[in-house]
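In this text, all values refer to a predicted model and were calculated from it rather than measured experimentally.
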Amino acid sequence: MALSEKDLQQILQAIENVGRKMVTAGKQSTKTAYQATERRLRAYPALKANIKRYEADIEDIAHEDMGKSADIVMFQSHSGKTPKRDLEELRQEKIYGLTEKLHRDSKEVQEIEVALDYVKEQEYYRIIPMIYFDGMSQKDIEKEMHCDRTTIWRNRKALVGKMSIVLYGADAL
């Protein structure tokens, strides 16, 4: 049984539609990876500060007196009677929660640093810390780098694009 001309046209139309959808999805994926990279870069200074704070908190809790105080109330997430826990269990529970956060933020910082190292030798690398870490204005960056707005925009876009590939692999293409 041969396909009619109408059937062939419908098949070609379906193939074209699928192709357009794939191209659109690829563009969205690239855009999403780029935006996610920018979010991660903006979060980098806060994550580094979190790591220092978590480390200090863990150290404090390790030496903290966890005795009863009239001013401190601990709420439990479960209902019913509170199970009896000794002070060391409370201390370890707090340390464990902070350690999880510390490891999560440390892993994120390491991934960002790998991406930063990848583009560190680029001529306009300094744009990245100026924009994302120091919060410098466009005009201040123009003065510092001795170039115009278009050059800054173009090179920032190229650098963040390269970092996106490091962070997200082929999904960023």
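Residues forming a side-chain hydrogen bond (donor to acceptor under 3.5 Å, both in side chains) with Glu144 (at least two apart in sequence, or on another chain): none. Qualifying side chain to side chain contact (heavy atoms under 4.5 Å, CB included) partners for Lys143, counting only residues two or more places apart in sequence or in other chains: none. With sequence neighbours excluded, the residues satisfying side chain to side chain contact (heavy atoms under 4.5 Å, CB included) with Gln13 are Glu16, Asn17. Residues forming a side chain to side chain contact (heavy atoms under 4.5 Å, CB included) with Asp117 (at least two apart in sequence, or on another chain): Lys120. By the side-chain hydrogen bond (donor to acceptor under 3.5 Å, both in side chains) test, Thr150 pairs with no residue at all, sequence neighbours left out. In terms of the ring-ring contact (aromatic ring centres under 6.0 Å, His included) criterion, Tyr124 has no residue partners (sequence neighbours excluded). Partners of Gln10 under the side-chain hydrogen bond (donor to acceptor under 3.5 Å, both in side chains) rule, at least two apart in sequence or in another chain, do not exist in this structure. When the side-chain hydrogen bond (donor to acceptor under 3.5 Å, both in side chains) test is applied to Gln138, no partner is found at least two apart in sequence or on another chain. The side chain to side chain contact (heavy atoms under 4.5 Å, CB included) test applied to Lys52 returns no partner, not counting sequence neighbours. Considering only residues two or more places apart in sequence or on other chains, Arg39 meets the salt bridge (Lys or Arg N to Asp or Glu O under 4.0 Å) condition with none of them.
No side-chain heavy atom of Asp140 sits less than 4.5 Å from a side-chain heavy atom of Asp134. In this structure, the side chains of Glu142 and Ile152 come closer than 4.5 Å at one or more pairs of heavy atoms. With a 4.5 Å cut-off on side-chain heavy atoms, Ile112 and Leu47 count as touching. Considering only heavy atoms from C-beta on, Val18 stays 4.5 Å or farther from Ile15 through its side chain.
In this structure, Ile95 CD1 and Leu102 CG are separated by 12.0 Å, a value rounded to the nearest 0.5 Å. The structure places CZ of Arg53 at 12.0 Å from CG of Asp60, a figure rounded to the nearest 0.5 Å. To the nearest 0.5 Å, the span separating CG on Leu12 from CD on Gln9 amounts to 5.5 Å. The distance from atom CG of Leu98 to atom CG of Asp57, rounded to the nearest 0.5 Å, is 5.5 Å. To the nearest 0.5 Å, atoms OH (Tyr118) and CD1 (Ile165) are separated by 7.0 Å. In this structure, Lys162 NZ and Thr37 OG1 are separated by 14.0 Å, a value rounded to the nearest 0.5 Å.
In plain terms, the two heavy atoms of His63 and Glu59 that are nearest each other are NE2-OE2, 2.7 Å. For the pair Tyr132 and Val160, the tightest heavy-atom approach, listed with the atom from each and the gap, is OH-CG2, 3.6 Å. Nearest approach of Asp148 to Thr151, heavy atoms of both residues: OD1-OG1, 2.6 Å. When all heavy atoms are compared, the tightest approach of Ser164 to Ala172 is O-CB, 3.5 Å.
Sorted by first and then second residue, the ring pair (Phe, Tyr, Trp, His ring centres under 6.0 Å) pairs with a member in residues 140-173 form an empty list; sequence neighbours excluded. Applying the side chain to side chain donor-acceptor pair (under 3.5 Å) test to every pair with at least one member in residues 100-111, sequence neighbours left out, gives these pairs: Arg40-Glu108, Arg40-Glu111, Asn50-Asp105, Tyr96-Glu100, Lys107-Glu111.
Taking the centre of each ring, Tyr44 and Phe133 come in below the 6.0 Å mark.
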> Under the side chain to side chain contact (heavy atoms under 4.5 Å, CB included) criterion, do Glu123 and Met145 qualify, and how do the steps go?
Replying inline: CA-CA 10 Å; Glu123 180 181 359; Met145 297 293 293; over 6 Å; no
>> For Leu90 and Lys94: C-alpha separation, side-chain torsions, deciding distance, then whether side chain to side chain contact (heavy atoms under 4.5 Å, CB included) applies.
In response: CA-CA 6 Å; Leu90 291 172; Lys94 282 184 163 183; 6.0 Å; no
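Ile131 and Met136 fall within the same hydrophobic cluster, where Ile, Leu, Val, Met, Phe, Trp and Tyr residues are linked whenever their side-chain heavy atoms come under 4.5 Å apart, directly or through other members. Hydrophobic clustering of Ile, Leu, Val, Met, Phe, Trp and Tyr side chains at less than 4.5 Å, counting indirect connections, unites Ile61 with Tyr54. Linking Ile, Leu, Val, Met, Phe, Trp and Tyr residues whenever their side-chain heavy atoms come within less than 4.5 Å places Met130 and Leu159 in a single cluster.
Cation-pi check for Lys157 over Tyr34 is met; the charged atom lies under 6.0 angstrom from the ring centroid and within 45 degrees of its normal.
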